Asks: 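Take this structure, written in structure tokens, and hold onto it; I'll ask about it next.
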Amino acid sequence: MSDILLEIKDLNVKVGDKHILKNINLVIKKGETHVVMGPNGSGKSTLVNTIMSNPKYEIMSGKIFFEGEDVTDMAADERAKRGIFMSFQSPVEVSGISVENFIRTSKSAVDDKPVSVLRFNMDLSKKMKELQMKPEYAARYLNYGFSGGEKKKTEILQMRILNPKLAMLDETDSGLDVDAVRIVSEGIKDYKNDDNALLIITHHKEIIHNVVPDFVHVLVDGAIAKEGDGSLIHKIEEEGYGWIRDEVNSSNGN
Ligand SMILES: Nc1ncnc2c1ncn2[C@@H]1O[C@H](COP(=O)(O)OP(=O)(O)OP(=O)(O)O)[C@@H](O)[C@H]1O
Ligand SMILES: [Mg+2]
């Protein structure tokens, strides 16, 4: 069996009238960690939202395959069942549904079978403890009145419980204090194994402290402008994106 989890071919995406993603090609294999970086507004969230099938983003052309299956026209819940997960850059507050209830319902929907409440609650408590979340948060409404950092930890909690094949984390580190970044980064390490894969969007290197990125992709103006290994993150951290833009401009003859 092929090791390829996700394959994106010549993807073009628009939001409203705006053409955002341009000719994206990306292959993610089992066991790999991919990091996507890029200036604000370059299309990073658009990319993961499109992979998750957020209806706001319209595919103009191109294909998305997951484990060899064409999922380009598949709805988000079907993609989730196949093992795709994303954590949101700005998680929404949901009044009336507790964290516990939400994650249990998601787990049973994704696994397509009822979950044992006892086993689920044990797993939830264990993973909340690992993420240093207070037990009472399980009974609180999802993200309702949560601080920015608490919302991000709740996203990682969902990832840990749902245990997807491909986890895409959209700036899960932004807004976290130094200790929380470490705890979340540990959670990511605990999730990662040879059978699953990570796509991490970040502006900083701390989040990947515990996982070694195999590939770094840099989006500029909706296109992949540069690709490399983990050393690219350090170069960007020190030098910014100007040199990548310069490279793109000179290869375009500008
Ligand atoms: N509904 C919309 N109508 C028009 N443009 C939009 C819409 N939604 C997003 N965009 C634009 O798409 C571009 C890409 O946005 P996206 O959220 O993917 O960027 P990003 O790389 O995730 O940025 P950040 O680092 O700030 O999170 C931005 O210029 C944004 O303004
Ligand atoms: Mg974004």
Side-chain angles (χ1 to χ4, degrees), residues 6 8-26 28 33-62 64 72 76 79 84-93 143 146-156 158-159 166-176 180-181 184-185 188 198-208 213 215-228 230 232-249:
L6 181 80
I8 295 178
K9 286 187 179 169
D10 300 322
L11 188 70
N12 283 276
V13 174
K14 66 176 181 177
V15 183
D17 290 334
K18 192 172 172 199
H19 184 176
I20 297 175
L21 294 182
K22 293 154 195 158
N23 299 317
I24 302 289
N25 285 286
L26 181 67
I28 298 182
T33 298
H34 291 244
V35 172
V36 175
M37 300 183 84
N40 294 132
S42 57
K44 304 178 298 296
S45 294
T46 303
L47 177 64
V48 287
N49 274 285
T50 305
I51 296 169
M52 198 69 241
S53 188
N54 181 331
K56 190 176 127 185
Y57 301 86
E58 188 188 330
I59 296 179
M60 301 159 67
S61 62
I64 303 173
T72 315
R79 294 191 198 193
I84 308 178
F85 169 88
M86 80 170 276
S87 84
F88 291 90
Q89 184 169 358
S90 312
V92 290
E93 300 194 359
N143 294 328
F146 282 23
S147 75
E150 289 165 352
K151 287 179 186 171
K152 297 294 173 112
K153 274 194 181 180
T154 306
E155 296 282 299
I156 293 297
Q158 288 171 47
M159 177 191 81
L166 172 65
M168 304 184 291
L169 309 179
D170 192 355
E171 291 194 34
T172 303
D173 48 350
S174 64
L176 292 179
V181 169
V184 162
S185 164
I188 292 171
L198 274 166
L199 190 164
I200 299 174
I201 293 174
T202 187
H203 291 293
H204 311 284
K205 61 179 186 296
E206 285 74 19
I207 188 80
I208 42 155
F215 300 97
V216 177
H217 315 271
V218 183
L219 274 182
V220 175
D221 298 332
I224 295 178
K226 186 95 191 154
E227 295 184 298
L232 198 48
I233 300 171
H234 301 280
K235 193 166 159 66
I236 288 168
E237 193 120 19
E238 279 166 23
E239 300 179 28
Y241 291 106
W243 63 282
I244 299 178
R245 285 191 194 278
D246 291 345
E247 277 184 16
V248 172
N249 287 337

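Just so you know, residue 1 is the first one in the sequence shown, and it goes up from there. Atoms within each ligand, like the ligands themselves, are counted from 1 in listed order. For clarity, every value in this text was computed on a predicted model and none was experimentally measured.
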Asks: Charged N to carboxylate O below 4.0 Å: is that the case for Asp221 and Arg245?
Replies: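 Counted as a salt bridge, because a side-chain N and a carboxylate O are separated by less than 4.0 Å.
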Asks: Who's the nearest protein heavy-atom neighbour of atom 16 (P) of ligand 1, and how far?
Replies: Thr46 OG1, 3.6 Å
Asks: Could you tell me whether Glu171 and Lys152 make a salt bridge, using a distance below 4.0 angstrom between a side-chain N and a carboxylate O?
Replies: no
Asks: Walk me through it: do Val36 and Leu26 pass the test side chain to side chain contact (heavy atoms under 4.5 Å, CB included)?
Replies: CA-CA 11 Å; Val36 175; Leu26 181 67; 5.6 Å; no
Asks: Testing Ile224, Ile201, Ile20 for side chain to side chain contact (heavy atoms under 4.5 Å, CB included) with Leu219, which one passes?
Replies: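 Output: one option passes, namely Ile224.
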Asks: Would the distance check show the side chain of Asp10 and the main-chain N or O of Asn23 forming a donor-acceptor pair, the cut-off being under 3.5 Å?
Replies: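 A pair under 3.5 Å: no.
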Asks: At under 4.0 Å between heavy atoms, which part of Ile20 makes contact with ligand 1: side chain, backbone, both or neither?
Replies: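 Within the 4.0 Å criterion, Ile20 contacts ligand 1 through side-chain atoms alone.
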Asks: State whether the side chain of Lys44 and the backbone N or O of Gly38 hold a donor-acceptor pair below 3.5 Å, judged by distance alone.
Replies: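 Confirmed, Lys44 side chain pairs with Gly38 backbone.
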Asks: Between the side chain of Asp173 and the main-chain N/O of Val181, is any donor-acceptor distance below 3.5 Å?
Replies: no
Asks: Should the proximity of Lys44 to ligand 1, defined as any heavy atom under 4.0 Å, be assigned to the side chain, the backbone, both, or neither?
Replies: both
Asks: Which protein non-hydrogen atom lies closest to atom 27 (O) of ligand 1, naming both residue and atom, and how far is it?
Replies: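 The protein heavy atom lying closest is Gln89 NE2, 2.9 Å.
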Asks: Walk me through it: do Met52 and Tyr57 pass the test side chain to side chain contact (heavy atoms under 4.5 Å, CB included)?
Replies: CA-CA 10 Å; Met52 198 69 241; Tyr57 301 86; over 6 Å; no
Asks: Taking Leu21's backbone N and O only, do any of them form a donor-acceptor pair with His19's side chain (distance below 3.5 Å, no angle check)?
Replies: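 Flag set: sc His19 to bb Leu21 pair under 3.5 Å.
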Asks: Do Asp170 side-chain atoms and Ser87 backbone N/O form a donor-acceptor pair below 3.5 Å?
Replies: no
Asks: How far is atom 31 (O) of ligand 1 from its nearest protein heavy atom, and which residue and atom name does that atom have?
Replies: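 So the nearest neighbour among protein heavy atoms is Lys18 NZ, 4.3 Å.
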Asks: Which is closest to atom 6 (C) of ligand 1 in terms of heavy atoms, Val15, Thr202, Asn40?
Replies: Val15
Asks: How long is the straight-line distance from CE of Met168 back to CD1 of Ile84, given to the nearest 0.5 Å?
Replies: 6.0 Å
Asks: By residue and atom, what protein N/O/S atoms are less than 2.8 Å from the Mg ion (ligand 2)?
Replies: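 Within the sphere that stays under 2.8 Å of the Mg ion (ligand 2), the protein atoms of type N, O or S are Ser45 OG, Gln89 OE1.
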Asks: Under 3.5 Å between some N or O of ligand 1 and some N or O of Gly43?
Replies: yes
Asks: Students should be able to answer this: which protein heavy-atom is nearest to atom 17 (O) of ligand 1, and at what distance?
Replies: Ser45 CB, 3.6 Å
Asks: Which residue and atom name correspond to the protein heavy atom nearest atom 28 (C) of ligand 1, and how close is it?
Replies: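 Looking only at protein heavy atoms, the one closest to atom 28 (C) of ligand 1 is Gly41 O, 3.7 Å.
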Asks: Which ligand 1 atoms are under 4.0 Å away from a heavy-atom of Glu171?
Replies: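 Selected atoms, number and element: 24 (P), 25 (O), 27 (O).
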Asks: For ligand 1, which atoms have a heavy atom of His203 less than 4.0 angstrom away?
Replies: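 Counting atoms of ligand 1 from 1, those under 4.0 Å from His203 are 25 (O).
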